[in-house]
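Each remark here refers to the structure printed beneath this line.
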There are 2 protein chains.
Amino acid sequence: MTTQKGSSQPAESDPPPNTTRHRPTTMREVAEAAAVSVATVSLVVNNKKDARIGADTRKRVRDAIRVLGYRPNALAKNLVSGSSRFIGLVADAIATTPFAGQIIRGAQDEAWKHGYVLLIANTEGNEPAEKEAISMMLEHKVRGILYSTWYHRVAQVPAALNETDFVLVNCFARDSDAWAVVPDEVQGGRAATEILIRHGHRRIAFLNTTTPSPARDGRLQGYREALESAGIPFDPNLVFDAYPDQEGGYAAVEGLVQCGVTAVFCHNDRVAMGVYDGLRQVGMSIPEDIAVVGFDNQEVIAAHLRPPLSTVALPHYRLGAAGVRLLLGLDEAPGNGVLRIVCPVVERDSVSTRQEKAPANM
Amino acid sequence: MTTQKGSSQPAESDPPPNTTRHRPTTMREVAEAAAVSVATVSLVVNNKKDARIGADTRKRVRDAIRVLGYRPNALAKNLVSGSSRFIGLVADAIATTPFAGQIIRGAQDEAWKHGYVLLIANTEGNEPAEKEAISMMLEHKVRGILYSTWYHRVAQVPAALNETDFVLVNCFARDSDAWAVVPDEVQGGRAATEILIRHGHRRIAFLNTTTPSPARDGRLQGYREALESAGIPFDPNLVFDAYPDQEGGYAAVEGLVQCGVTAVFCHNDRVAMGVYDGLRQVGMSIPEDIAVVGFDNQEVIAAHLRPPLSTVALPHYRLGAAGVRLLLGLDEAPGNGVLRIVCPVVERDSVSTRQEKAPANM
DNA sequence: TTGAAAGCGCTAACAA
DNA sequence: TTGTTAGCGCTTTCAA
C-alpha cells in the first residue's frame, strides 16, 4: 500500500525541494519568505496586542504562513517561556469502570478551556509505574498534576508530587492538607434517603456495602441525617450489609422482605439491580410493593432497569473539572483543603411512577 | 491553609538559597556542582554507550544530580531532537461509554512501553474542536495521531491529519487507504452464533440493531456464515430488528417466542438484558427454555445478569494498543490498510449452565 | 576522557 | 514600525 507517512523518509538525503512535506517549516523560513525578521513573525503569530505592525507587513507574514503551511513549534515556545501548557493526570485505573472516564473528560474539557492539554498516564495502582509517570510529567514541566483514583478513597500521596502543584481527585490524603476534590457522600446519602421520605416512606432499609470506605461511612451518615430531619428514629436493624454488586443485592432481598420495609436505599445501582431480580423472584413489584433508590447513576443500568431506577449520581465529570480549576487557581480551595462536590439526584420511576409524580392533564 | 505550591512565588526576587524548590535545577548547574561540562553531564544522564567517562567523574555527576534533585527538561530535549515522544489521541467521546476508556488504556499502555506519552483530546465529535485538537498536537510535534471513535463506524478524516502519521482506531475511512484498526465484526458474529450451534441449537434468532453500521452488517454476515458452516439454512424470519438497548430487547421478546426459536443471538448485551426481562415476564427461563448470547461483554451487565451472560467481547483495549503499534511501525499494516482485531468469546451461563458444560466430579 | 561551541525554534528586551 | 540579539536547556560534533 502507499505510505501515508511524511516524516518516514530521511529528509537530509536530498536538498528540500520547494514542495510541502519535509522538515516542518520554521518561523525563520516564514520570516525570509515575507522579508521580515523572526521577531515580526512572532508578533503577528501571537497577535501581540501592543505590537504595532503595519497592515501590509502583517499581510505579507500571514500570506507566507499560509503558503508555507507554517505551524508554531510548541516545544520551542514552551522552552522559552519556561513552563508548558500541560496538565498531568495520573489515574490508577483509567477504564476499569465507566466512571474514571468521566473524570478524564471533565478534566480535559476544563483544561482545554484554559489552553491546557492533558497528559495522561494510567498506573494500574502499580507504584513503580506511578513514580515513572510522575517523573515523566515533571520532566515535561507540567503546570501541575491531577492524581486520581477510580473510587473514592484515601490515597497514599507519592512524594514526587511535591515537586509541583497537584490536586487529588476522588481521593484524599489522610495526614496532609493536600488539596483534594471528592464527592460529597454524606449529602448524597441524605439526598437518596430524602427521595424516599418525600414519597411518604418511613420504614426505609439501607443496603450498605461491606467494604470500608468513605462511601460506606458517608452514605450511612447521610441516611441517618435524613431520617433524623424527618423525625424518623434510626433503626439499626434496617441497615444491611451487602456485597456491592448485583449478587449482593439479590442475596439481601430475603432479609429485606422479612423486616417489612416499604423502601430501600441501595449502596449502588448494581446492588439495586440485584434487588430488582430478588424482588421479582418473590413476586413483589417496584415501586408499588417496595420503592428502591440506588447510587452512582450508572447509565447502562439505572436508566434501563424496569422500572428505570431513581438514583443519586456520582459527579465524576465535575470532580475532574474542579480538579483543574483548583490546580490553576481558578477556584479557591476550602479551608481544610478538600472540596466536596454534590451528588445530584436523578429521579426515575423506582420510587413512584411518573403518573403519580405528575398526573397527566387529561 | 498553607500553600502546596513551589512555583507560586516569583523566583527572581531573591538569590536562590541552596534549599530545594525554586526554579528547577538545570543541567548547567549540575555541571558546575560536579565541576564538569554540561556535555559530560548530558553523557552520563543519557547513559550514552560509546561515551567513555571516568568512574570518578561519573560518580561526581551522579552525586550532584542527586543532591540537586535534577530532572532533565524534556521540552529542551525534544526541541533539540526535533521530535517529541508524544502520541496524540483524539477521541469523539472519551467516556460516553465505558468502552472508549479501554481504547485509551490500550493505547496508553502500549505507548508507554515504547517511551511515548499520550496527549489526549476529546472533541465530542465537534468539528472545530477536532481541528483545534489536531493543530495543538501538530504544534507539539507529536510522533503521530490516533483518531478514534467510540463506536465502530466510517470516519470523515480531518485533512490536518495528513500532516503527520496517523491511524484510525475503531473507525475507517471510506475513500482512502488510511491505516485503521477495527474490531472484526464478522468473526464476532460468527463466534457468537457458533456458541449456540455448538450447544446443539439449530433454530437461532438474531436480534440485530436497527442502526446501519459495520456492526449491523458484519454481525449479520457472521451469523449467516456460522449457520452455513453448520448446514443450517438461513431463515430471514429469524432475524429481528431491535433498537439496540434494553427496551429494544424487551420489545422483541414477543416475536421471539412466537417463532419458536430455542436460542437467540442479541446484537449487544443491553438488548440481551432486555430479553432477560421479557423472557422472565412470559415465564421462560434461561438457558433451559431459551439460550441467549450477547455482544460487547459490557461487564457491569454481562457478568452479573442472572444467569451471567455468554457474550462476545469488543476488543477495545487491543484496538488502542494495535493502533500505536501500527503508528510506530512495530506491526505491519495489512494490504488494504485496515487491521481487524478478533472479538473473543466470553462464555458464561446463558447458553448452558456450568454443570452441563463441565459436570462436577462428584 | 572531557570541554567548547554551535544551534534546535522561539520569545523578549532593546535598538534603530 | 521593525530588526538585532541574547538566551531557554539540552545534544552533538569537533577539539583538546
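In what follows, chains are A, B, ... by sequence order, proteins preceding strands, each numbered from 1.
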Original post:
Just by distance, with hydrogens left out, do A:R105 and A:Q108 show a side-chain donor and acceptor under 3.5 Å apart?
Top reply: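 Short answer, no.
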**OP:** Please check if any side-chain donor atom of B:R71 sits under 3.5 Å from a side-chain acceptor atom of A:S135, or the reverse.
**Re:**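 Side-chain D/A pair, B:R71 to A:S135: present.
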Separation of [N] [atom2] from [X] [atom1] (nearest whole Å):
X	N	atom1	atom2	value
B:L75	D:dC8	CG	P	15 Å
A:R28	C:dG7	CZ	P	9 Å
B:R71	D:dC10	CZ	P	13 Å
B:E29	D:dG9	CD	C1'	11 Å
A:L43	C:dC14	CG	P	15 Å
A:R52	D:dT1	CZ	P	5 Å
A:R60	D:dT2	CZ	C1'	10 Å
A:E32	C:dG9	CD	P	12 Å

Shortest side-chain distance from [X], nucleotide among [options]:
X	options	result
A:A39	C:dC10, C:dA12, D:dC8	C:dA12
A:I53	D:dC10, D:dC8, D:dT2	D:dT2
B:A76	D:dT11, D:dG9, C:dT1	D:dG9
B:S42	D:dG3, D:dT11, C:dC10	D:dT11
B:S37	C:dA12, C:dG9, C:dA4	C:dA4
B:T40	C:dG3, D:dT2, C:dA12	C:dG3

Under 4.0 Å between a Lys/Arg side-chain N and an Asp/Glu carboxylate O for [X] and [Y]?
X	Y	value
A:R66	A:D63	yes
B:E29	B:R23	yes
B:D109	B:K113	no

Could you check whether [X] gets within reach of a base, just the sugar-phosphate, or nothing at all, counting any heavy atom under 4.0 Å?
X	value
B:N78	nothing
B:K141	nothing
B:V36	sugar-phosphate
A:A35	sugar-phosphate
A:L79	base
A:G82	nothing

Original post:
Of B:T123, B:I134, B:V90, which meets side chain to side chain contact (heavy atoms under 4.5 Å, CB included) against B:P158?
Top reply: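 So, applying the side chain to side chain contact (heavy atoms under 4.5 Å, CB included) to B:P158 and each of B:T123, B:I134, B:V90, only B:I134 qualifies.
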**OP:** Using a cut-off of strictly less than 4.0 Å, decide whether B:K48 has a side-chain nitrogen or oxygen near OP1 or OP2 of D:dT12.
**Re:**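 Yes, because at least one side-chain N or O of B:K48 sits under 4.0 Å from OP1 or OP2 of D:dT12.
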